[in-house]
Amino acid sequence: MGIEPGQFYRPHGSLRIDYKKSLNPQQLAAVTAPDGPALVIAGAGSGKTRTLTYRVAYLIERGVPPDQLLLLTFTNKAADEMMNRVKLLLGAQIVCPWGGTFHSVANKILRQHSHLIGYNNNYTILDREDSLDLVKACLKELDVDIKPKVGPRAEVITEIISKAANTAASIEQTIQNEYPYLTPYISLIKQTSALYEQKKRESNLMDFDDLLVKCKLLMEEFPEILRHYQERFQHILVDEYQDTNKLQSELVDLLASRHRNIMVVGDDAQSIYGWRGANFENILTFPSRYPGTRIYRIEYNYRSTPEILAVANASIANNPVQHRKKLTPIRPAGKKPTLIICRDPIQQAWFIANKIREFRETGLRLADIAVLYRSHFHAMEVQLELTRAGIPFVITSGIRFFEQSHVKDVTVYLKLLVNPRDELAFRRLTLMLPGIGPKTFDKLWRAYLSKLEALKGPECQNGPSNDTNSRSQAWESLPEVLAAISNHVPSPSKTEWAKLVGLFKTIQALGPQLTPAPIIRKIMEAYLDNYIRLTYSNYLQRLEDIDELIAYAEQFKSTNDFLAQLALLTNLESEETLIATYATDAVRLSTVHQAKGLEFEVVFLIMLCDGLFPNARAMGIPGGLYEERRLFYVGITRAKTHLFIFYPECRRSPGSQGLETLEISRFLSEIPWELFEVLDLRSYNTPGFYSSFVSS
DNA sequence: CTGTCCACGGTTTTT
DNA sequence: CCGTGGACAG
Ligand SMILES: Nc1ncnc2c1ncn2[C@@H]1O[C@H](COP(=O)(O)OP(=O)(O)OP(=O)(O)O)[C@@H](O)[C@H]1O
């Protein structure tokens, strides 16, 4: 850390930053707010994030040590960028160790104390797929006793368990409120949930929700720890507060309840994570939860032209008013947004590629251009067309880089090293071996567990086993334990098993530091390189990915840190760790969700068809349509200067060769078209259109 | 008990 | 059109 408390303290009146010059009076008031609860509620592009950034700088200048700030943001990158900005403002290196997402901060806390709540501090974090696999394993196990072959799918059960956790509700309540048709299965789902919980404990695993749930539990059950963090965090700042859920707000409330130095920032009209339990009531009820809250409104928009803002406002006016906000554009008049009616996604993509070329010729950076959409697969044709046109782009796909199966093939070895009780890791690892299926895995796992326990006695609960001594006992016995159970391995697989044991011996020989990069190299050499070549058709690409993984791993001394980082990086962030995409200037293709908080000179908002955007399934749930409309609002307000909105009249029907006609999105038909420059491309014979595709 | 082959179902958003 | 899960043969 190396930052002395008060290092940046300057007596009042001699602050380094000229706050008045960089901020408008409303922003300034929020930045220089006195201690105590504060709410900044303002529309899109009004400088909320900027205000929070200056607030951080201000607090540091006034003598608050950076390591006593808790800065909660929607992505880790957002926190990093804020701190970079603060660094520039103050002209000094600042590290804010407690800045990041709720999940990464909770993880940091739990790594110190989770032994108190029945976990080992070297627990493994499950990603979504891991959680689903574990739930499936639970269902399989339960099937022995109960026999409902029909019933909710594992995906739905996982969703319910997660929803319950995030809304701080019981499984029953969640089913009754949001999945009433599953009422007959309440007891099955509860059993599954209980078994899931038990398995996680036994295997020392935490899913994303556990990071928050267990952190809160820790604070509730250990007042002295709560006290410690309450005192540690002199000031709490939360960005994008409208998208926090009950669990998160309760956690923050706990931490803030002592000193009440909390500033939350957000816009209820931009709440787009309700499906994940986020509740914009959090921001609306903040003042009543914190009596004496100072409310700051910012009523100017610095980002967009008045014409773009007019479209956004016309759209959101169709939602019931939540919190009335004025928003006056600062920028001078520009061009009306263009509404493009086109035949199909191919024509849409063709138009976008052409426009991008035009913008590039005017000297605009590609990174200032974004194509935004509701669902990942909407970007299909745009991807093809941009590739064909040789226009570089980066796309944030649905699966994160580190969730791809070949990457996980590598990381399971590390996971088992760090946390030998990880059932999921052990399973994936054994199932990779030829001749070993689910049954053999079962036998091996049982034998493995009992050997592990016998060898080491009860699991070491030796106080905070932080990263540097995660090497302690566990992994040392791994080769021995694996060798000891080889009698359960069917004979055709014995040589492979011996290789596995050999691999772990080799790793052991690397020494006790457990540095990830060399270990991965050994794994590849000994085994996986070959496995990947044999398993995947596009193995060259995949092996390149592994090289990237190793390059990324070089930054880490500790495997435990490395694994936690992989799990906690958001989608966007993990894409950016790819060296290839890092440096080049490229157009951004992204879902609207992932574009939250970003801004671009040019935005193409595509696939505005009823059923797609708004999404048909989202409209089935209460408030769903409103949230879709907020999503549209977020999409529009990412644009600074140029906005293009597309309605393609048809698309290829899913699964077959036919064409499906699509109605125009109600988000377009419900607002006055005088706000747009309307461009109808349907009669233009642009290249490559579906019907010609279909017939050829 | 494992591995392969086929049929079916299904495309929302993510830490 | 793609991945997953279930049926069956080796
Ligand atoms: N006082 C100001 N003077 C000049 N530019 C400003 C000012 N305040 C904000 N801006 C600019 O306006 C743009 C939007 O700011 P910012 O991203 O902080 O808004 P926001 O309210 O967080 O937006 P959103 O909620 O839509 O993500 C940024 O480019 C920022 O630099």
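Every chain is numbered from 1 and lettered A, B, ... according to where its sequence line falls, protein lines coming before strand lines.
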Without swapping roles, check the side chain of A:R638 against the backbone of A:E599 for a donor-acceptor pair under 3.5 Å.
no
Can you tell me whether the side chain of A:R617 and the base of B:dT12 have a donor-acceptor pair closer than 3.5 Å?
no
So, OP1 or OP2 of B:dT2: does either fall under 4.0 Å of a side-chain N or O from A:T440?
yes
With P as the reference atom in both, quote the distance from C:dT4 to B:dT13 in angstrom, rounded to an integer.
16 Å
To the nearest Å, how far apart are A:K136 NZ and C:dT4 P?
8 Å
Mind checking A:F102 for me? I need base, sugar-phosphate or nothing, with any heavy atom below 4.0 Å counting as a touch.
nothing
Assign the ring pair A:Y448 / A:W445 to parallel, tilted or perpendicular, where the plane angle (0 to 90°) is split at 30° and 60°.
parallel
Quick one: are A:I395 and A:F393 in side-chain contact, heavy atoms under 4.5 Å?
yes
Spacing between A:D243 atom CG and B:dT15 atom P, to the nearest angstrom
12 Å
Tell me: CE of A:M380 to P of B:dG10, nearest whole Å?
21 Å
Checking A:A154 now: which residues fulfil side chain to side chain contact (heavy atoms under 4.5 Å, CB included) with it, not counting sequence neighbours?
A:L132, A:V135, A:K136, A:L139
Only counting residues at least two apart or in another chain, list the ones meeting salt bridge (charged side-chain N to carboxylate O under 4.0 Å, His left out) with A:K494.
none
I need the CZ-C1' distance between A:R276 and B:dT14, as an integer number of Å.
5 Å
Could you tell me which residues satisfy side chain to side chain contact (heavy atoms under 4.5 Å, CB included) with A:D80, sequence neighbours excluded, listed by chain and number?
none
From CD1 of A:I272 across to C1' of B:dT12 the rounded distance in Å is 12 Å
Which part of the nucleic acid, if any, lies within contact of A:K596, taking any heavy atom under 4.0 Å across all strands shown: a base, the sugar-phosphate backbone alone, or nothing?
nothing
A:L247 CG to B:dT14 P, straight-line distance once rounded to whole Å:
20 Å
The ring-ring contact (aromatic ring centres under 6.0 Å, His included) partners of A:F233 (sequence neighbours excluded) come to A:W98, A:Y229
Note on DNA chain B: ranges paired as stems (three or more Watson-Crick/G-U pairs in a row, both atom distances under 3.5 Å) are B:1-9 with C:2-10
Salt bridge (charged side-chain N to carboxylate O under 4.0 Å, His left out) with A:K216: which residues, sequence neighbours excluded?
A:E220, A:E250
Just N and O in the side chain of A:T591: are any of them under 4.0 Å from OP1 or OP2 of B:dT12?
no
Classify A:P438 by what it touches in the nucleic acid, base, sugar-phosphate, or nothing, heavy-atom distance under 4.0 Å.
sugar-phosphate
Could you pull out all residues at least two apart from A:R630 that satisfy salt bridge (charged side-chain N to carboxylate O under 4.0 Å, His left out)?
A:E627
Which whole-number value in Å describes the distance from A:L126 CG to B:dT14 P?
20 Å
Whole angstroms only, please: what is the CD-P distance between A:E129 and C:dG3?
13 Å
Among B:dC1, B:dG3, B:dT15, the one nearest A:P434 by side-chain distance:
B:dG3
Sequence-distant partners of A:Q348, side chain to side chain contact (heavy atoms under 4.5 Å, CB included), two or more places apart:
A:C342, A:P345, A:I352, A:I606, A:M607, A:F646, A:P648
Can you list the residues that meet the side chain to side chain contact (heavy atoms under 4.5 Å, CB included) rule with A:K408, with sequence neighbours excluded?
A:D127, A:E129, A:D130, A:T411, A:R428
What does A:S104 touch in the nucleic acid at a heavy-atom separation under 4.0 angstrom: a base, only the sugar-phosphate, or nothing?
nothing
When you compare the protein's N or O atoms with those of nucleotides 8-10 of chain C, which come within less than 3.5 Å of each other, and at what distance?
none

Tell me whether A:W275 and B:dT12 count as stacked here, given that the ring centres must be under 5.5 Å apart and the planes must differ by less than 30 degrees.
no
Shorter than 3.5 Å, N or O on both sides, protein versus nucleotides 4-9 of chain B: list them out with atom names.
none

Does a side-chain N or O of A:Q594 approach OP1 or OP2 of B:dT14 to a distance below 4.0 Å, or not?
yes
Name all pairs fulfilling the side chain to side chain donor-acceptor pair (under 3.5 Å) condition that reach into residues 203-215 of chain A, sequence neighbours left out, sorted by first residue then second.
A:N122-A:N204, A:S162-A:D209, A:N166-A:D209, A:Y196-A:D207, A:E197-A:K214, A:K200-A:D207, A:K200-A:D210, A:D210-A:K214
What is the minimum heavy-atom distance between A:S493 and A:P434, and which atoms define it?
OG-O, 2.9 Å
Any A:H103 side-chain nitrogen or oxygen under 4.0 Å from OP1 or OP2 of B:dT14:
no
